[in-house]
Each structure stands twice: as structure tokens, then as C-alpha cells.
Amino acid sequence: MQLSIHFSLEELIASDKAKSLAINNVPPDFIVERLKTTAAHMEEVRDILRSPVLVSSAYRCLLLNAAVGSKPTSDHPQGYAVDFTSPAFGGPIKVARELVAHLSGWDQIIYEGTWVHISFNPRMRRQVLTKRGDGYLPGLVEK
Ligand SMILES: [Zn+2]
């Protein structure tokens, strides 16, 4: 099922971890609707980067979310968050900088080191963080 021109539902729910643990990571309908909005925002991300976006993890049911060590308050089980890279554009910090400079709105952009976490929770706080150890630093900080 296609959610937007470049993003499918399958891509936004895919998980090797879910497969290996036999977790059914199929979202309820209201989350699918939310993922359409998330996909629309990711089209803007793709337009800004003018490069393909490789999604490593988007929707995670609570069971899968716990299995990957993420907090239950994460935006992933809500269908708002996407972890991704865009190797054709550049490394994750370059991607994060470009989005902070040009994206019309977001809730959180987190430079995670090897990927970018972006969330479109309707709070849309335009928060920018760098993951460091168990915590976060404000802004985009090179490792
Ligand atoms: Zn994430």
C-alpha cells in the first residue's frame, strides 16, 4: 500500500527485529492514517535533499519498540517518527543540518550518529538534539 509518491506502508513498518521475534508490526487503521501524514512530511524531506531516503525504522508497535530498547513514550509507536539515512546526499549530520535549515516544520530532529531521527508529532516544537551516550545534547554536535 502506497502512503505517498515515494513511501509505502510496507517500508514504514518493515523491521528485521520484528521478523526475527515473530512480532506482528501491523498498525491499526488510525496509525495508518497518521503514517500518511508522516509520509507526506517525508516527501518534503526528500525534496529538500533531492536524494532517496532510506528508512531504517518508522512505526514500531509497543512490543517491538520495547524489543529495540526504546522508551514507550517514543514517537515511533505513535507513527510520528522515522529513522533514516540519505547516503546519496551525505552523512547524517549533513542531512540533519540541511533539514534544520530548510524544512517547514518538525517536532524533533535528532542526530543519532549513524542515522537521523525525525518526528512529526503535532506538537511541532522544532527541537534539535544530538544523541550522546544515554542522553542528548542541544543542537547538532559533531561526534
Ligand atoms: Zn527514532
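Order of appearance sets the numbers: ligands from 1, and atoms from 1 within every ligand. All residue numbers refer to positions in the sequence shown, counting from 1.
Among heteroatoms of the N, O or S kind in His76, NE2 lies nearest the Zn ion (ligand 1). Checked against the Zn ion (ligand 1), the N, O or S atom of Asp83 at the shortest distance is OD1. The atom of His117 that is an N, O or S and sits closest to the Zn ion (ligand 1) is ND1.
Looking at residues two or more places apart in sequence or on another chain, you find no side chain to side chain donor-acceptor pair (under 3.5 Å) involving Glu11. Annotation: side chain to side chain donor-acceptor pair (under 3.5 Å) contacts of Glu44 (sequence neighbours excluded): Ser104.
Using a 3.5 Å distance cut-off with no hydrogens or angles, the side chains of Ser56 and Asp83 do not pair a donor with an acceptor.
Annotation: side chain of Leu49 is in contact with side chain of Leu99 (closest heavy-atom distance under 4.5 Å).
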